[in-house]
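Convention: sequence-line order gives letters A, B, ...; per-chain numbering from 1.
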Number of protein chains: 2
Amino acid sequence: MVSIKDVAKAAGVSVTTVSRVMNNRGYIGKETRKKVENAMRELDYQPNQIARALLKNQSFVIGIIVPDLSHPLFSELINWIEAYASEKDYKLLVCNSLQNAEKETNYISMLRKNRVDGIIMCSHNLDVEEYRNVAMPIVSFDRILSSTIPYVASDNYRGGEVATNHLIEKGCNKLLHISGPLDYELLPNRRSDAFQLTCMKSGIDCKIIQGAHVKATFEDNWNFIDREIASHLTDYDGIFCSNDFMAYTLYVYASKKGIKVPEQLKIIGYDYHSFTRMLRNPSLTTIKQPLDRIGKRLSSLLINQIEDNDLDRNNTVFDVELIQGDTT
Amino acid sequence: MVSIKDVAKAAGVSVTTVSRVMNNRGYIGKETRKKVENAMRELDYQPNQIARALLKNQSFVIGIIVPDLSHPLFSELINWIEAYASEKDYKLLVCNSLQNAEKETNYISMLRKNRVDGIIMCSHNLDVEEYRNVAMPIVSFDRILSSTIPYVASDNYRGGEVATNHLIEKGCNKLLHISGPLDYELLPNRRSDAFQLTCMKSGIDCKIIQGAHVKATFEDNWNFIDREIASHLTDYDGIFCSNDFMAYTLYVYASKKGIKVPEQLKIIGYDYHSFTRMLRNPSLTTIKQPLDRIGKRLSSLLINQIEDNDLDRNNTVFDVELIQGDTT
DNA sequence: TGTATTTATGAAAACGTTTGACATAATATG
DNA sequence: CATATTATGTCAAACGTTTTCATAAATACA
């Protein structure tokens, strides 16, 4: 590959001068600049960013770890993160933890070895201390890792509250909530807290069943419903699902069993990612997380940290929005 | 950050020795090895891959350019590519061209500057010569770039044929095909060729309308149908859409207009990505591209090229599969 | 004219690795 | 005992940049 030396030789100047032309530093003669620029063009010179990164100790790469690359929630998030990051000249190294703790550890270590400038953690399979030891700018999506690691999330509590109240307002008396796994202390668990408290406040019968997994296929969800919910499905007149896939599967299941939605059973989901936006038969009532803002915020928060400018570095919680669909 | 020098100092040996321990080269005393390993552990030493990359002229990073990161076709593809690449210790730098020629050019140049080991091109907004000048291992998805750049695709012609014949077998007489943009010479255009030829062979009336865009939302598709198709929708009894989103939108449109699917109108799509796999109301009849195999193949083809081993380097075309859904 | 300032350029060190060329000690071979 | 082999380790160059320092020429100022 052609290096700065080749350019220097071709232009008849020193490498210093070439570097100065590239970076617009110091004084450069008009003639010299032209000679150098011509040489660069003729040789199709591509400055080696790796060398630069080594010297400056800054790679302009940020790593992102997600639990499932093919999940619309995360692919959309990555989409927005990339959009903002690339504006600021950062590139994205994507890692797919597959919800596997060992893989996640390995990815973190890999990112450290590769001297990325920072990490966006969207996958959470480790204990919080492990993230604290990373010693590198981090931001987190949907989980509090430590007081020094900013997080971004939608207002999960409010989302759960809005969803629950919506069902109640629509006349539901007996509510079920299908939550995600509640074992780790994740912010989406607040949806379930809100569900419970809101029901209590309104004096409404309610129940929570765990079972909405990120990586679940339609069949996984279907089987879960068949196993855990089916027998007392008619006991409920409103169900709040912690994600849209589960909500959609539940709709299909109920329909197939002859239960009319929304007349007999009302269903509300959570997320409103690309899948849900495309869905029209029926369209799903759901709670929208503003993935565009979340993604941009994750990037900007991380980049602020990296560049150590004293702009905003606070945890950010975005408003959610009720999307009225056909299922309530 | 702690460097090899710090480890050497802590272990009381030279940097060469530390390097030897890490890479298992040359002779190392048992005691020495232990001392070095302890020092590495104690200092939490992370060998700088950037320095390594500079020296070895190999970054173990591959770049991938897609037209839309949030599109399930590409996020699934990336998912599989990452799976295989990470097995082989390669990392993925993702780029989102947004179907914009200038952005695509910039990304290619960026990837060159960053000395990625190779590029997987899934976005095609430039003339073929531009790719030939890249001077770096490349593989391409769904487009022939040159005789030296291997491509991977599903058997688009066969897919179009299977789809068309399926409609005919189901009794359709007047067929419409909604194709993607046919301007660039892309392999998916073969679906349209196949449609036309198959109809001719069977002596069936047919028409092709361009309009299935990758980045289209439900509304975009809806408006397109409303504008271009609606008035003569009842003229057709079978429609082959070049992607599943268009097929789904069309289904919803037809239903809303009181046209019974599949009784009065049969609809078949193309892709069978995560959106379609989740869809059950109705499930879509479609042609499946094996994204898992395509993704793995793209990676392995590129890595073979990078590592210059004389394993298989041929263009690869994967069989498609008819997925029988409720819309035909 | 003399001197300070501005402009233009180059040499060399540094970033963190790997590696080929050596150096030395210990052990084996003849 | 001389020599070859094996084991262990050190030195320094190299990868492609940026940047500090030094120097030289040109210009400005008195």
Let me know the distance between [atom1] of [X] and [atom2] of [N], rounded to the nearest Å.
X: M40(B); N: dT17(C); atom1: CE; atom2: C1'; value: 14 Å
X: Q49(A); N: dT18(D); atom1: CD; atom2: P; value: 8 Å
X: E31(A); N: dT7(C); atom1: CD; atom2: P; value: 18 Å
X: R52(B); N: dT17(C); atom1: CZ; atom2: C1'; value: 8 Å
X: D6(A); N: dG16(D); atom1: CG; atom2: C1'; value: 10 Å
X: K35(A); N: dA8(C); atom1: NZ; atom2: P; value: 13 Å

Can you tell which of [options] lies closest to the side chain of [X]?
X: I4(B); options: dT18(D), dT17(C), dT8(D); answer: dT17(C)
X: V15(A); options: dA14(D), dT18(D), dG10(C); answer: dT18(D)
X: T17(B); options: dT17(C), dT17(D), dT10(D); answer: dT10(D)
X: K5(B); options: dC15(D), dT17(C), dT19(D); answer: dT17(C)
X: R20(A); options: dC15(D), dA7(D), dT9(C); answer: dT9(C)
X: M22(B); options: dG16(D), dG16(C), dT18(C); answer: dT18(C)
X: T32(A); options: dC15(C), dT9(C), dG20(C); answer: dT9(C)

### Query
With nearest nucleotides of DNA chain D determined for S14(B) and A51(B) from heavy-atom distances, which residue corresponds to the more 5′ nucleotide?
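Looking at DNA chain D, the more 5' nearest nucleotide goes with S14(B).
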
One thing to verify: whether R33(A) and E37(A) come together as a salt bridge, which I'm taking to mean a side-chain N less than 4.0 angstrom from a carboxylate O.
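Yes, this pair counts.
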
Distance test, side-chain N/O of [X] to OP1/OP2 of [N], below 4.0 Å:
X: S19(B); N: dT18(C); result: yes
X: R25(B); N: dT18(C); result: no
X: Y27(A); N: dA8(C); result: no
X: T16(A); N: dG10(C); result: no
X: N48(A); N: dC15(D); result: no

Taking the six-membered ring for Trp, are F60(A) and Y90(A) parallel (under 30°), tilted (30 to 60°) or perpendicular (over 60°)?
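Tilted, since the angle between the ring planes falls between 30° and 60°.
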
Exercise for review: Report which part of the nucleic acid I50(A) touches: base, sugar-phosphate, or nothing (heavy-atom distance under 4.0 Å, all strands).
Suggested key: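 Answer is nothing: I50(A) stays at 4.0 Å or more from every strand.
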
Which part of the nucleic acid does N57(A) contact within heavy-atom distance under 4.0 Å: base, sugar-phosphate only, or nothing?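 No contact at all - N57(A) keeps every heavy atom at 4.0 Å or more from the nucleic acid.
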
Discussion item. Would you compute the distance between atom OG of S140(A) and atom OH of Y131(A) and round it to the nearest 0.5 angstrom?
Written reply: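 Answer for the OG-OH pair, S140(A) versus Y131(A), is 8.5 Å.
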
On DNA chain C, nearest-nucleotide positions of M1(B) versus K56(B): which is more 5'?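 That would be M1(B).
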
*asked:* Checking D44(A) against Q46(A): is there a side-chain donor and acceptor pair closer than 3.5 Å?
replied: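 Judged by distance alone, the side chains do pair up.
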
Q) Is it the case that S14(A) and T17(A) place a side-chain donor and acceptor less than 3.5 Å from each other? A)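 Yes, T17(A) and S14(A) have a side-chain donor paired with an acceptor closer than 3.5 Å.
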
Side chain to side chain donor-acceptor pair (under 3.5 Å) partner of R297(B), chosen from T316(B), N315(B), D292(B)
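The residue from T316(B), N315(B), D292(B) that satisfies side chain to side chain donor-acceptor pair (under 3.5 Å) with R297(B) turns out to be T316(B).
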
